[in-house]
Peer 1: 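Below is a structure I'd like to ask you about.
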Amino acid sequence: MFQDPGSQLVMERVEDEVAFGLENRAWPLERMRARVPEALREIGLRGSERRRSTSLSGGEQQRLALAGVLAPAPPILVLDEPTANLDPDEAGHFLERLHELRSAGMTIVLIEHRAELAWPLADELLVLRSDGRQLDAGPVGAVVERQGEALLGAGVWLPSAIESRLTGQQPPATTGTPGLVPLPASSPLLSARSLSFAYDGRPAVADVDLEVAGGERICLVGRNGSGKSTLGRLLVGLLRPAAGKVRLAGREPFRLAPVALARLCGYGFQDPEQQFFRGTVAEEVRAGLEPGEAERVEPLMAALGLPLERFGERSPYRLSGGEQRRVSLAAILLRRPSLLVLDEPTFGQDRRSYEALLALLRDQVETGTAIVAATHDPRLAADLAERIVVLRGGALAADEPTERFLRDGAARLAAGWSSADVRRLPASDRP
Amino acid sequence: MIGPIELDERSRSTPLGRASPLAKLAVAVVWLGGLALTVDPRPPALLAALALASGLLLGRIPVGTLVGRLAPLGLAALVVGISNALVSPANADPAQFEVGRLGSLRLTLPAAQAGLSLGLRVVAIASLGTVFALTTDATRLTDALVQVARLPERFAYGALAAYQAVPGLSRDLTTLQQARRIRGLRQSWHPEVLLALLVLAVRHADRQAVAMDARAFGLGPRTRYRVERWRRQDTVLILISVLVLAAALATSRL
Amino acid sequence: MNTTSHVTGTFADRRPPDRQWRTRDILVVAVIAVAFGVFFWAFGVAWRALEGLGPLLNVLYGFWLLPAIVAPLIVRKPGAALFAELVAASLSAILGASWGIDVLVSGLLQGGAAELVFAAFAYRRYTVPVLVLAALASAAAAFVHDWLVWYPAYSSDALLLIALFMGISALVLIPAAALALVGALRRAGVLEGFPA
Ligand SMILES: Nc1ncnc2c1ncn2[C@@H]1O[C@H](COP(=O)(O)OP(=O)(O)OP(=O)(O)O)[C@@H](O)[C@H]1O
Ligand SMILES: Nc1ncnc2c1ncn2[C@@H]1O[C@H](COP(=O)(O)OP(=O)(O)OP(=O)(O)O)[C@@H](O)[C@H]1O
Ligand SMILES: [Mg+2]
Ligand SMILES: [Mg+2]
């Protein structure tokens, strides 16, 4: 199973999707008729038999894909970052399901960066080095004993409890607070007034008010489908508001010409492949640059662990998921716009890239850039943001300082975060 | 957003919704062939009216839906009709009766008739296509092609899987164009956009193929979860439609 | 050693091409055809004015003929041209495009004509002349179909003009665009495992 649920579905309707693997294995009709509803019940999609799979939410699609894979009761299951685009709540449910499967005796191979979620599930650990060779394999405890230092050095994410035990200290606070005093709020850089948007009559963002000051760091959180990406695109003028107004540095971004818009703001898309145009990494990050910006390319790429001499001539489509994300971000960070809107900027990064990225974002903030990042990653929210904006069903559910948000049960619930998500944060980030 | 038409359960239980998709396809193709045989305005007018009436009565398509789908075709019918009328060779024949004149352009009676009937042909073909699309389910059509018409199974279901990419690809296209804009690149219909879309299409195909192989697609003989049969009513439907076509063609005098 | 590699080379050339379709081949052809359909559809919506042209939009025919050349150029197997055109055509039928049914017929003709050309070269040659021939065959089939269905009343002058237009497009534009697209896809590295 892959991280993108949409691309592994093959049939039009939910029940046919589940039956597909059974048909291929020549199950008799009677057995299929018994198994399909059962498989759907197991993943909580009973009653959606006749729905179109393309009309399901991302989380439901991912569960449907799992049901399709599980229906014929395979002996082994391989999953590549399956909770990638799921909100913490959905991801939790998904992993719970894996727990059940494991208790039922199924062999599961899970490829995952999110240590906090995945480790409790694992019996054995296989760690790969950056050159693709095996670092170590074996029971979780034994590997941690043997390779503690190496794991830390290789930039592997570890559950914070293990990490603090290994380093014998609190993990370094990655929080961006030191040295980052919010600029004195003058007139806001961006202000949105009763902003609304609908796709084909279905509302996605409803009546949102938001102000962003220069140099501010905001995280946009909310469940799958709550409208984060849509709001982000509205803020930078990629979508035209159905109602309400956005003013960015005194202008309406939607009306700006591409060149002017690119000078003012940047947007990092949720799926990095959707923003690639050119055949090589070097051409890709240089596309659309203005004179004077070109000399920033080399140092930035080196800082992101993508030095041009090694990556410049490669095709952006032939990079790992984490590398692609950094290339797509590099293309935006180079412009140093006054507003950066980033959709899941740290997803799929190992610890080392995560920290490099965070450092870069901080540099940008120091020059006065405001950052709005949509994310499902509690860690990024705690590390980067001074303010958290919660969306629920397209409407604003909360807008408060990070500290308060982490203590605010109602707001966290609206965002799909459990208190366990907060407990798993490194101690230094916890309220 | 584009995507296949949603058929609700109600429209699937109507006489047209129940008919074999293959039978409807056969009727549509036969009528299409018949329409190409005549340049008289009567048969296309009759067949268009019949197609729409059966869509409304036998397929219970809501009037609003049908009108909404057909509305843009008015213009298309006009363009085809007028262009055929204007560039007809009959206009150059001085012996033909002149119905109108625009500068040096002359419009003769046979040319106007040809224009009218070809405009109606557009309406008839569009009505057929619309009624077919609004009463036919893609999965059922594929099932029928495989189980009744015996088309190669891997290709048919491969194609059906590819259609599931439609909403995704149309979002990809929008996002690609937005990505150009935010990066200061002009021209949202630049060839680079088509290329990038094709790249995403190949990636999507690769992932889908792996997912299908992992689920034993094409490994051996398959069984069927949905059973499609050819029923006697389907044969009757085709026979009637051939008779209707013959009757419609008989009204033509040209 | 030199001779050995030479012998291996000719052997490889004479070996019948692998005609079995993998799932990946099927999906790549089908999804590419769908992507062309989506692009064209969105383009049509963006340029509302074109819609009024209706079937005469076929003046932009080159675009519809592209899948019949691009797909076989990537997946060099029997049936690629026909399959690609049929998928692209039935997409419009399923999406409810109004000439869906007629597009199906013209897709069959266009794909079939290109297919015949590739078959005539035993699915082994994909050189520029072969691509041009396939595009011409496909355009000819499209022209005959459209003439009979959409403009039977046209004067021969007008028909000649249309034929000329489509001929030029098939002779130059379509093969050039197909080669450029497939070359760029190859360079992007997404066509690994397909014949170069
Ligand atoms: N291009 C589109 N066309 C139609 N509907 C869309 C489109 N993009 C998003 N939607 C719908 O709009 C709603 C909001 O989507 P959006 O992508 O903004 O949510 P999100 O909060 O970013 O979700 P996620 O956490 O899964 O990324 C969802 O119901 C979604 O299905
Ligand atoms: N299609 C490809 N062609 C060539 N090289 C590739 C291709 N895909 C990935 N690579 C390279 O192979 C290496 C391993 O890639 P892979 O995708 O397996 O990494 P990964 O461990 O899954 O990384 P991530 O955690 O970022 O997803 C990377 O250095 C990447 O640049
Ligand atoms: Mg999103
Ligand atoms: Mg990976």
Side-chain angles (χ1 to χ4, degrees), chain A residues 1-2 4 6-13 15-16 19-29 32-33 36 50 52-55 65 68-69 72 78 199-200 233 236-239 257-263 265-267 269 271 273-278 287-290 317 331-332 335, chain B residues 1 3-4 6 8-9 137-139 142 157-158 160-168 171-188 190 192-193 195-196 199-200 202-208 210-212 214-227:
Chain A
M1 264 185 70
F2 307 105
D4 175 14
S7 67
Q8 38 200 324
L9 302 178
V10 293
M11 296 295 286
E12 210 179 359
R13 291 205 167 71
E15 61 171 337
D16 299 339
F20 179 76
L22 307 177
E23 293 177 308
N24 292 335
R25 290 183 176 83
W27 280 37
L29 183 58
M32 289 198 269
R33 292 219 166 118
V36 169
R50 303 295 303 159
R52 256 167 224 278
S53 31
T54 45
S55 77
V69 172
V78 181
Y199 293 102
D200 299 325
R233 290 178 199 210
V236 295
L238 292 178
L239 292 173
V259 178
L261 185 70
R263 263 183 222 142
C265 51
Y267 186 89
F269 291 86
D271 176 0
E273 285 201 354
Q274 286 179 337
Q275 63 173 60
F276 292 152
F277 288 102
R278 303 281 158 91
L289 285 194
E290 295 186 55
Y317 299 104
I332 307 154
R335 314 294 308 262
Chain B
M1 269 307 298
E6 292 271 356
D8 54 23
E9 300 298 318
D137 182 274
T139 303
T142 313
Y157 287 111
L160 186 61
Y163 295 136
Q164 308 313 309
V166 169
R171 282 185 198 198
D172 284 346
L173 178 57
T174 314
T175 305
L176 283 167
Q177 293 178 324
Q178 293 175 344
R180 278 188 80 77
R181 177 167 148 77
I182 196 73
R183 290 174 65 190
L185 302 168
R186 287 186 214 89
Q187 296 171 309
S188 51
H190 194 279
E192 273 177 4
V193 176
L195 177 63
V199 169
L200 294 180
V202 175
R203 308 286 277 186
H204 185 98
D206 282 347
R207 282 194 288 261
Q208 242 180 352
V210 172
M212 290 169 85
R215 291 164 73 191
F217 181 61
L219 217 59
R222 307 171 84 234
T223 48
R224 276 88 190 244
Y225 182 67
R226 302 165 304 279
V227 182

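In this text the structure is predicted, and so the values were computed from the model without any measurement.
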Peer 1: Can you tell me how far apart OG1 (B:Thr139) and CZ (A:Arg13) are? Round to the nearest 0.5 Å.
Peer 2: 5.5 Å

Peer 1: What part of B:Ala165 lies closer than 4.5 angstrom to a heavy atom of chain A: side chain, backbone, both or neither?
Peer 2: neither

Peer 1: Pick whichever of A:Leu261, A:Val236, A:Val259, A:Asp16 has the most heavy-atom pairs under 4.5 Å with chain B.
Peer 2: A:Asp16

Peer 1: I'd like to verify something: which residue of A:Ala262, A:Pro72, A:Pro258 has the highest number of heavy-atom pairs under 4.5 Å with chain B?
Peer 2: A:Pro258

Peer 1: Under 3.5 Å, is there a donor-acceptor pair between the A:Glu12 and B:Tyr163 side chains?
Peer 2: no

Peer 1: Quick one: what part of B:Leu195 sits under 4.5 Å from any heavy atom of chain A, side chain, backbone, both or neither?
Peer 2: neither

Peer 1: Atom CZ in B:Arg222, atom CG in A:Leu22: separation rounded to 0.5 Å?
Peer 2: 10.0 Å

Peer 1: Could you tell me which non-hydrogen atom of B:Pro221 sits nearest to which non-hydrogen atom of A:Ala26, and how far apart they are?
Peer 2: O-CB, 3.5 Å

Peer 1: Nearest 0.5 Å, what's the CD-CZ distance between B:Glu192 and A:Arg278?
Peer 2: 4.0 Å

Peer 1: Using 0.5 Å steps for rounding, measure from the CZ atom of A:Phe277 to the CG atom of B:Leu176.
Peer 2: 5.0 Å

Peer 1: Would you mind telling me which of B:Arg224, B:Arg186, B:Gln177, B:His190 has the largest number of heavy-atom pairs within less than 4.5 Å of chain A?
Peer 2: B:Arg224

Peer 1: Are A:Arg233 and B:Thr175 packed together at the side-chain level, in the sense that at least one heavy-atom pair is separated by less than 4.5 angstrom?
Peer 2: yes

Peer 1: Measure distances from A:Arg263 to the heavy atoms of chain B and classify the residue's part below 4.5 Å as side chain, backbone, both or neither.
Peer 2: neither

Peer 1: With distance as the sole test, does A:Ser7 use its side chain to make a donor-acceptor pair with the main-chain N or O of B:His204 at under 3.5 Å?
Peer 2: no

Peer 1: Rounded to the nearest 0.5 Å, what's the gap from CZ on B:Arg226 to CD on A:Glu15? Could you check?
Peer 2: 8.0 Å

Peer 1: Check B:Arg171 with A:Asp271, please: is the shortest side-chain N to carboxylate O separation under 4.0 Å?
Peer 2: no

Peer 1: Does some side-chain heavy atom of B:Gln178 sit less than 4.5 Å from a side-chain heavy atom of A:Tyr267?
Peer 2: no

Peer 1: Atom CZ in B:Arg215, atom CG in A:Asn24: separation rounded to 0.5 Å?
Peer 2: 7.5 Å

Peer 1: A:Leu289 versus chain B, heavy atoms under 4.5 Å apart: side chain, backbone, both or neither?
Peer 2: neither

Peer 1: What part of B:Ala162 lies closer than 4.5 angstrom to a heavy atom of chain A: side chain, backbone, both or neither?
Peer 2: neither

Peer 1: Nearest heavy-atom pair of B:Arg181 and A:Gly237: which atoms, and what distance?
Peer 2: NH2-O, 2.9 Å

Peer 1: Does any heavy atom of chain B fall under 4.5 Å from the side chain of A:Tyr317, the backbone, both, or neither of them?
Peer 2: both

Peer 1: Between A:Met11, A:Gln275, A:Gln274, which residue shows the highest count of heavy-atom pairs closer than 4.5 Å to chain B?
Peer 2: A:Gln274

Peer 1: Given ring-ring contact (aromatic ring centres under 6.0 Å, His included), test A:Phe20 with B:Phe217 step by step and report yes or no.
Peer 2: CA-CA 8 Å; A:Phe20 179 76; B:Phe217 181 61; 5.5 Å; yes

Peer 1: Could you have a look at B:Leu219, B:Val210, B:Asp206, B:Val199 and say which one has the most heavy-atom pairs with chain A under 4.5 angstrom?
Peer 2: B:Val199

Peer 1: Which one wins on heavy-atom pair count under 4.5 Å against chain A: B:Gly158, B:Ala161, B:Ala211?
Peer 2: B:Ala161

Peer 1: Is the closest side-chain heavy-atom distance between A:Val10 and B:Gln208 below 4.5 Å?
Peer 2: yes

Peer 1: Could you look at A:Glu290 and say if it's the side chain, the backbone, both or neither that has a heavy atom under 4.5 Å from chain B?
Peer 2: neither

Peer 1: Go through the atoms of B:Arg203 and report whether side chain, backbone, both or neither lie under 4.5 Å from a heavy atom of chain A.
Peer 2: side chain

